[in-house]
Number of protein chains: 2
Amino acid sequence: MPPGPGAPSDTPQPPAPHDPVDDVLVALADPTRRAVLDAVAGGPGSATAIAAGLPVSRQAVVKHLAVLERAGLVVATRTGREVRYEVRPEPLTTTARRLTALAATWDARLATIKRIAEQRD
Amino acid sequence: MPPGPGAPSDTPQPPAPHDPVDDVLVALADPTRRAVLDAVAGGPGSATAIAAGLPVSRQAVVKHLAVLERAGLVVATRTGREVRYEVRPEPLTTTARRLTALAATWDARLATIKRIAEQRD
DNA sequence: ATCGAGTGCAACTCTGAAGTTGCACGTCCA
DNA sequence: TGGACGTGCAACTTCAGAGTTGCACTCGAT
């Protein structure tokens, strides 16, 4: 059924303010990126240093660090010619909370459905 | 520094038993897939019914549901010619717990580093 | 002033995921 | 039993992102 002109308030689709949690999920989805993140968590360091311990090039690590920074999982501080990356746990906590809340919502709905089904018997 | 032959136990890299949490993260990374998941959570239904409320084809929804099922986030039960998909909250809870634990590890490490830095002054 | 180390930027390749279309198969119902 | 509905399978297209390479730039030290 094509959207008829008679339904103006049909899925208004607001600008979608770009949820930061989504960035975290995307950042954590890639295995190499998780390895980079682990490396940073195991001790802050430069992109070059991190790349030395991984089977990928420095540039690949730099790109991954950019994604992680966009997600707020790492922060970069420049000292001289070096850029030191450090881990930042807050986005992880926020994401975890969101997932827990979502699971709770589902649980509630499932409980309601089950209840209705039992009542119907 | 390339791995010298003198370090046989250097990153032994076991078969990597394929962490189910990784599947959850991958499943949640895609926006369309999140929409599909939301639709299933908002009331179980068939792939065709779910696709009707989304701007993608049924086949796309089917593929997304397969990924979600691999992650354990939905379960499919066949009744006659219909396949009913239902949401399953447990993997979400598990994933959330893991993220929280990881954040705690980072916090501990950061606290230690800060402590040492203060002690050094 | 110069050289090495570290970073930043840009162009390029390439694989896999997302999505589509088309058709065949099974199931419910008149 | 025939048709409508729902699903399953397969081939195909498209595109973002993961990765590489090469080079220019900056900072620190000699």
Side-chain angles (χ1 to χ4, degrees), chain A residues 1-2 11 13 16 18-20 22-40 43-86, chain B residues 1-2 13 16 18-20 22-40 43-71 73-86:
Chain A
M1 48 171 182
T11 53
Q13 202 90 349
H18 195 252
D19 194 328
D22 295 356
D23 289 333
V24 175
L25 292 173
V26 170
L28 294 178
D30 185 78
T32 306
R33 200 145 48 219
R34 284 195 294 268
V36 171
L37 193 55
D38 274 348
V40 180
S46 66
T48 306
I50 293 168
L54 293 176
V56 291
S57 72
R58 172 185 65 92
Q59 283 303 326
V61 171
V62 168
K63 291 185 184 179
H64 284 306
L65 286 170
V67 175
L68 292 171
E69 194 175 14
R70 262 189 92 245
L73 289 167
V74 301
V75 286
T77 49
R78 164 158 232 145
T79 64
R81 65 182 167 190
E82 268 211 10
V83 180
R84 190 171 203 75
Y85 289 91
E86 198 176 1
Chain B
M1 49 170 180
Q13 202 89 348
H18 195 255
D19 194 328
D22 295 356
D23 289 333
V24 175
L25 292 174
V26 170
L28 294 180
D30 185 77
T32 306
R33 199 144 49 217
R34 284 195 295 267
V36 171
L37 193 53
D38 273 349
V40 180
S46 67
T48 305
I50 293 169
L54 293 175
V56 291
S57 71
R58 172 185 65 94
Q59 282 304 325
V61 172
V62 169
K63 291 185 186 180
H64 284 306
L65 285 170
V67 176
L68 293 171
E69 194 175 13
R70 262 189 91 245
L73 290 167
V74 300
V75 286
T77 48
R78 164 158 233 145
T79 63
R81 65 183 168 188
E82 268 210 11
V83 179
R84 189 171 203 74
Y85 289 91
E86 199 175 2

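Here is the naming used below: chain letters follow the sequence lines, and residue numbers restart at 1 for every chain.
Counting only heavy atoms from C-beta on, A:Ala60 has its side chain closest to D:dT20 among C:dG8, C:dT20, D:dT20. With D:dG6, D:dT20, D:dA18 as the candidates, the nucleotide lying closest to the side chain of A:His64 is D:dA18.
For C:dG19, one of the phosphate oxygens OP1 or OP2 lies less than 4.0 angstrom from a side-chain nitrogen or oxygen of B:Thr32. Distances shorter than 4.0 Å separate some side-chain N or O of B:Ser57 from OP1 or OP2 on C:dT20.
Remark: B:Arg33 engages no residue in a salt bridge (Lys or Arg N to Asp or Glu O under 4.0 Å) (not counting sequence neighbours).
Summarising the geometry, the separation between CG on A:Leu68 and C1' on D:dG17 is reported as 14 Å, rounded to the nearest angstrom. Rounded to a whole Å, the CZ atom of A:Arg78 is 15 Å from the P atom of D:dC25. Separating the CZ atom of B:Arg70 from the P atom of C:dA18 is a distance of 12 Å, rounded to the nearest angstrom. Residue B:Asp30 contributes atom CG, which lies 11 Å from atom P of D:dG17 at whole-angstrom precision.
Nucleotides of DNA chain D nearest to A:Arg81 and A:Arg58 differ in position, and the one nearer the 5' end is that of A:Arg58. Positionally, the nearest nucleotide of DNA chain D for B:Ala47 lies more toward the 5' end than for the other of B:Ala47 and A:Thr79. Across the interface with DNA chain C, nearest-nucleotide mapping of A:Glu82 and A:Lys63 shows A:Glu82 to be the residue nearer the 5′ end.
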May I have the list of side-chain donor-acceptor pairs in residues 54-61 of chain A shorter than 3.5 Å, sequence neighbours left out?
unit_1: A:Ser57; atom_1: OG; unit_2: A:Ala60; atom_2: N; d: 3.3

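Within 3.5 Å, a donor on the side chain of B:Gln59 pairs with an acceptor on the base of D:dC9, or the reverse.
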*Go through B:Arg34 and A:Asp22 one step at a time and tell me if the side-chain contact (heavy atoms from CB on, under 4.5 Å) criterion holds.*
CA-CA 10 Å; B:Arg34 284 195 295 267; A:Asp22 295 356; 3.3 Å; yes
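Summarising the geometry of B:Arg84 relative to B:Pro44, their closest heavy-atom pair is NH2-O, 3.6 Å, with the distance given to 0.1 Å.
Residue-level contact check: A:Arg33 touches the backbone only, with heavy atoms under 4.0 Å from sugar-phosphate atoms and none from bases.
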